[in-house]
Student: 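Input: one structure, supplied below.
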Amino acid sequence: MNSPAALGPHGALKDDPAVFLAGQMTGVEGYTESTASGLLAAINLDRVVRGHAAVSPPPTTMLGALCRHLREADPAHFQPMNANAGLLDALAAPPRDKDARKAAYAERALAAMVAWRDDVVGAPAAVA
Ligand SMILES: Cc1cc2nc3c(=O)[nH]c(=O)nc-3n(C[C@H](O)[C@H](O)[C@H](O)COP(=O)(O)OP(=O)(O)OC[C@H]3O[C@@H](n4cnc5c(N)ncnc54)[C@H](O)[C@@H]3O)c2cc1C
């Protein structure tokens, strides 16, 4: 499907905000990408049923960056997309070393995802 044309900002149909789509059919490509978008669709359906607004993770996370691709890609040239660092917001001071750069992207993404999760879903209960 042409997601930038058909879907709202958080993966629901523009003409039916209680119908969330996920997976390969929306233009994410791959096992992990499809599974993650399905989890987000479930979180958002639960939120909408409970009267809350739908949400997406920040674009410094890979899932958030994929959501941005589905939302903001040019509908005339829309193509499915794997997770890749080119989707993420650029680092303020990217390390020159490739491995260090990847680690910096991952560290920033993990911190952003944990903060988003704690805000949206709630922090997990501490294990005794
Ligand atoms: C040959 C091949 C190799 C791949 N290799 C990789 C890989 O190595 N790594 C990777 O990450 N990704 C790989 N992919 C991509 C990956 O398979 C998909 O991105 C992923 O499976 C999509 O998951 P999904 O749940 O969105 O869709 P799907 O896995 O396609 O699941 C959709 C399901 O819906 C069912 N369905 C369809 N229509 C209906 C209907 N009307 N009613 C009820 N059920 C219906 C289908 O039967 C199917 O079971 C590969 C894809 C192909 C084709």
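FYI, side chains are in, hydrogens and waters are out, and symmetry mates aren't considered; it's all heavy atoms of this structure. Read the numbers this way: they start at 1 and go in the same order the structure lists the ligands and their atoms.
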Student: Is there a side-chain contact between Met62 and Thr32, using heavy atoms and a 4.5 Å cut-off?
Tutor: no
Student: Can you confirm whether something in the protein, heavy atoms only, sits under 4.0 Å from atom 49 (O) of ligand 1?
Tutor: no
Student: Mark whether atom 44 (N) of ligand 1 lies under 4.0 angstrom from at least one protein heavy atom.
Tutor: no
Student: Please confirm whether Gln24 comes within less than 3.5 Å of ligand 1 when only nitrogen or oxygen atoms on both sides are compared.
Tutor: yes
Student: Can you list every pair that meets ring pair (Phe, Tyr, Trp, His ring centres under 6.0 Å) and has a residue in residues 45-104, with sequence neighbours left out?
Tutor: His69-Phe78
Student: Can you list the residues that meet the side chain to side chain contact (heavy atoms under 4.5 Å, CB included) rule with Ala41, with sequence neighbours excluded?
Tutor: Phe20, Ala22
Student: Is Thr32 close to ligand 1, meaning an N/O of one under 3.5 Å from an N/O of the other?
Tutor: no
Student: If I take atom CG from residue Asp74 and atom CD from residue Gln79, how far apart are they, to the nearest 0.5 angstrom?
Tutor: 11.0 Å
Student: Could you check atom 25 (O) of ligand 1 against the protein and tell me its nearest heavy-atom contact, residue, atom and distance included?
Tutor: Ser34 CB, 4.5 Å
Student: Could you check if a side-chain atom of Leu40 sits within less than 4.5 angstrom of a side-chain atom of Ser37, using non-hydrogen atoms only?
Tutor: no
Student: Geometry only, no angles: is Gly23 polar-contacting ligand 1 at N/O separations under 3.5 Å?
Tutor: no
Student: Any non-hydrogen protein atom below 4.0 Å of atom 53 (C) of ligand 1?
Tutor: no
Student: With side chains defined as the heavy atoms from C-beta onward, is the minimum distance between Leu88 and Thr60 less than 4.5 Å?
Tutor: no
Student: Side chains of Ser3 and Val28, heavy atoms from C-beta outward: is any pair under 4.5 Å?
Tutor: no
Student: Looking only at protein heavy atoms, identify the closest one to atom 11 (O) of ligand 1 and say how far it is in Å.
Tutor: Tyr31 N, 2.8 Å
Student: Protein non-hydrogen atoms only, distance under 4.0 Å: does atom 17 (O) of ligand 1 have such a neighbour?
Tutor: yes
Student: Strictly inside 4.0 angstrom of atom 9 (N) of ligand 1, do you find any protein heavy atom?
Tutor: yes
Student: Do you see a protein non-hydrogen atom under 4.0 Å from atom 22 (C) of ligand 1?
Tutor: yes
Student: Take atom 1 (C) of ligand 1 and look for protein heavy atoms under 4.0 Å from it; say yes if you find one, no if not.
Tutor: no
Student: Mark whether atom 31 (O) of ligand 1 lies under 4.0 angstrom from at least one protein heavy atom.
Tutor: no
Student: Check Ser56 against Trp116 and note the closest heavy-atom contact, atom names and distance.
Tutor: O-NE1, 3.2 Å
Student: Are any of the side-chain heavy atoms of Leu87 and Arg68 separated by less than 4.5 Å?
Tutor: no
